[in-house]
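Here is the structure we will look at.
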Amino acid sequence: MISSCVWPSSYAFTAVIKACAELSALGFGRVVHCHVLAFGYGLNVFVQASLVSFYAKCGELGVARKVFDAMPERSVVAWNAMISGYEQYGYANEAVGLFCRMRDLGVEFDSATFVSVLSACSQLGAIDLGCWVHKYIRSHGLKLNVVLGTALINMYARCGDVSKAREVFDSMKEHNVGSWTAIISGYGMHGYGKEAMELFELMKSRGPTPNSVTFIVVLSACAHAGLVQEGREAFATMTTDHGLVPKMEHHVAMVDMLGRAGLLDEAFQYIKDIDSVRPSPAMWTALLGACKMHKNIKLGVQVAEHLLAAEPEIPGHYVLLSNIYAMAGRTDRVEVVRNMMIQKGLKKQVGYSTVEIDQKTYLFSTGDKSHPEATAIYQFLDKLMQRSRAAGYVPVCESVMHELEEEEREYSLRYHSEKLAVAFGLLKTRLGMTITIVKNLRMCEDCHTALKFISLICNREIVVRDKLRFHHFRNGSCSCMDYW
DNA sequence: TCTTATCCTT
């Protein structure tokens, strides 16, 4: 168009920029941006919004924000594009922050705004804001379409309230594969395998045809609830009844399911059969986790060696192997693994936990003393652990063995981030109130045990969302029934 | 014209 000397309209630009966004064609998009300025469309609101969206989708959030900030007048679409960009790239706090600014400025929201904000709430476990959005939607009579409804289901499930998620699902007039998948996944995350399977049956009898994602979710639900037979059947019907070809994700879920159930040899054979065709470290990782869970040192070491050869740069593999050695009391091997990590310059991912109190989110990391009330929190936690010990709690020395410095070991075990967050939550909330913690990694066995005791001695319900799933602690036991 | 979700292992 340009070489033919035809003057492009703003419409031509939005279309091309949108195409660049979909292709993640950053370089070409930049050139188009130059043309936008050359042709004098730099101040066109539609073109600007498409540029914000383009840069955001390409992960260039700083540039997107520059274009966004430079807009003399911002349409709701531009706000949405910016919020969505932050959310998609994991900057949920920034997404929420921008949403709050929008609210303060009195900008009118639309359903796209809410979808992105609800996803951000899901990431953060920010149920208070999520509920606020839900109330706003209801009080303003906004129509609950499938996309918005699914975002709500997802928010409630990931923020710990799966029955609310179900209410939303039931109240929706229209369902598609996505909304069914979302609610099944929600039950699965909470360890409610039976409910997940009942819904799956209902879906098959009177809902839309399940797709590949649905089966990942179903298999994962089975894996976390010990429903091996159900999982096997679902996997089989995937091909026979639905003509779907199992992808690597399904195989990983199958290995995970067999491994968690203690069928380690079968899981091992399963991998060998598939790995010869398509090698997949993810399957080995799942098996390694299972070896640790069932304390099978011999197989674990074998699997870990295989895995380290395939993916030498992933710190998590070394951590798992070292944990396995630690459980076996092989301190010498723990040292070796630790030195391998140091040599490769690999660092353990830093764990942190957040707790929301009065709509404010507080973040704790291991041994964290940055909180102004740190002294009180630590003292209270020490007292809690003392009382737990009196009630029968015995510390589980497992992952600690891996800490770099000698004195850090005991220290970091005692002050893992979730314990600090729980102590703070107990100090700041009244009896009868549930404490909800969001953690970026999986819980360690010691914290899991400790929280069971804390729930008992304090007579409190504690909900922890770890990287993968939910734990509801009540009266000294956990909803996962110690089956992670 | 520009904006909107559902998934596995660590």
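Side chains are part of it too, since the values below use all heavy atoms of this structure and drop only hydrogens, waters and symmetry mates. Order of the sequence lines fixes the chain letters, A, B, ..., with proteins taken first and strands second; residue numbering starts at 1 for each chain.
In this structure, S10(A) does not reach the dT1(B) phosphate: none of its side-chain N or O atoms is under 4.0 Å from OP1 or OP2. Distances shorter than 4.0 Å separate some side-chain N or O of K18(A) from OP1 or OP2 on dT3(B). The phosphate of dC7(B) has neither OP1 nor OP2 within less than 4.0 Å of any side-chain N or O from H251(A). Checking the phosphate oxygens (OP1, OP2) of dA5(B), a side-chain nitrogen or oxygen of Q88(A) falls inside 4.0 Å. At the phosphate of dT3(B), OP1 or OP2 sits under 4.0 Å from a side-chain N or O atom of S53(A). Side-chain N/O atoms of R158(A) include none lying less than 4.0 angstrom from OP1 or OP2 on dT6(B).
The N80(A) side chain lies nearest to dT3(B) when the options are dT3(B), dA5(B), dC8(B). Distance from the side chain of E249(A) is smallest for dC8(B) among the nucleotides dA5(B), dC8(B), dC2(B). Side chain of L320(A), nearest nucleotide from dT10(B), dC8(B), dT4(B): dT10(B). Comparing atom distances between the K57(A) side chain and each of dC7(B), dC8(B), dT3(B) picks out dT3(B) as nearest. In the set dT4(B), dT9(B), dT1(B), dT4(B) carries the atom at the smallest distance from any side-chain atom of S84(A).
Between K204(A) and E201(A) a salt bridge is recorded (basic side-chain N to carboxylate O distance below 4.0 Å). With respect to D466(A) and K439(A), no salt bridge is recorded, no charged nitrogen being found less than 4.0 Å from a carboxylate O.
Residues that satisfy the ring pair (Phe, Tyr, Trp, His ring centres under 6.0 Å) test with H250(A), not counting sequence neighbours, are absent from this structure.
Among the heavy atoms of the strands lying under 4.0 Å from G178(A) is at least one base atom, whether or not backbone atoms are also near. Across all strands shown, D110(A) has heavy atoms under 4.0 Å from base atoms, whether or not it also approaches the sugar-phosphate. Nucleic acid contact for V147(A): base, since at least one base atom lies under 4.0 Å from a heavy atom of the residue.
For the pair H250(A) NE2 and dC7(B) C1', the interatomic distance rounds to 8 Å; values are reported in whole Å. The distance between atom CG of N440(A) and atom P of dT10(B), rounded to the nearest whole Å, is 14 Å. Separating the CZ atom of R442(A) from the C1' atom of dT9(B) is a distance of 10 Å, rounded to the nearest angstrom. Rounded to whole angstrom, the span from the CE atom of M283(A) across to the P atom of dT9(B) amounts to 15 Å. As a whole-Å value, the separation of Y270(A) OH from dT9(B) P is 15 Å. In this entry the distance linking CD1 of I183(A) with P of dT6(B) reads 14 Å, nearest Å. Between the CZ atom of F169(A) and the P atom of dA5(B) there is a distance of 19 Å, rounded to whole Å. Going from atom CG of L219(A) over to atom P of dT6(B) covers 19 Å, rounded to whole Å.
Between the base of dT1(B) and the side chain of T14(A) there is a donor-acceptor pair shorter than 3.5 Å. No donor-acceptor contact under 3.5 Å links the side chain of N145(A) to the base of dA5(B).
Seen from the ring of W79(A), R101(A) does not count as a face-on cation partner, given the 6.0 Å and 45° thresholds. Taking the centre and axis of the six-membered ring of F68(A), the NZ or CZ atom of R74(A) falls inside the cone set by 45° and 6.0 Å.
Annotation: side-chain hydrogen bond (donor to acceptor under 3.5 Å, both in side chains) contacts involving residues 21-44 of chain A, sequence neighbours excluded, comprise H33(A)-Y55(A).
Ring stacking holds between F46(A) and dT1(B), with the centres under 5.5 Å apart and the planes within 30 degrees of each other.
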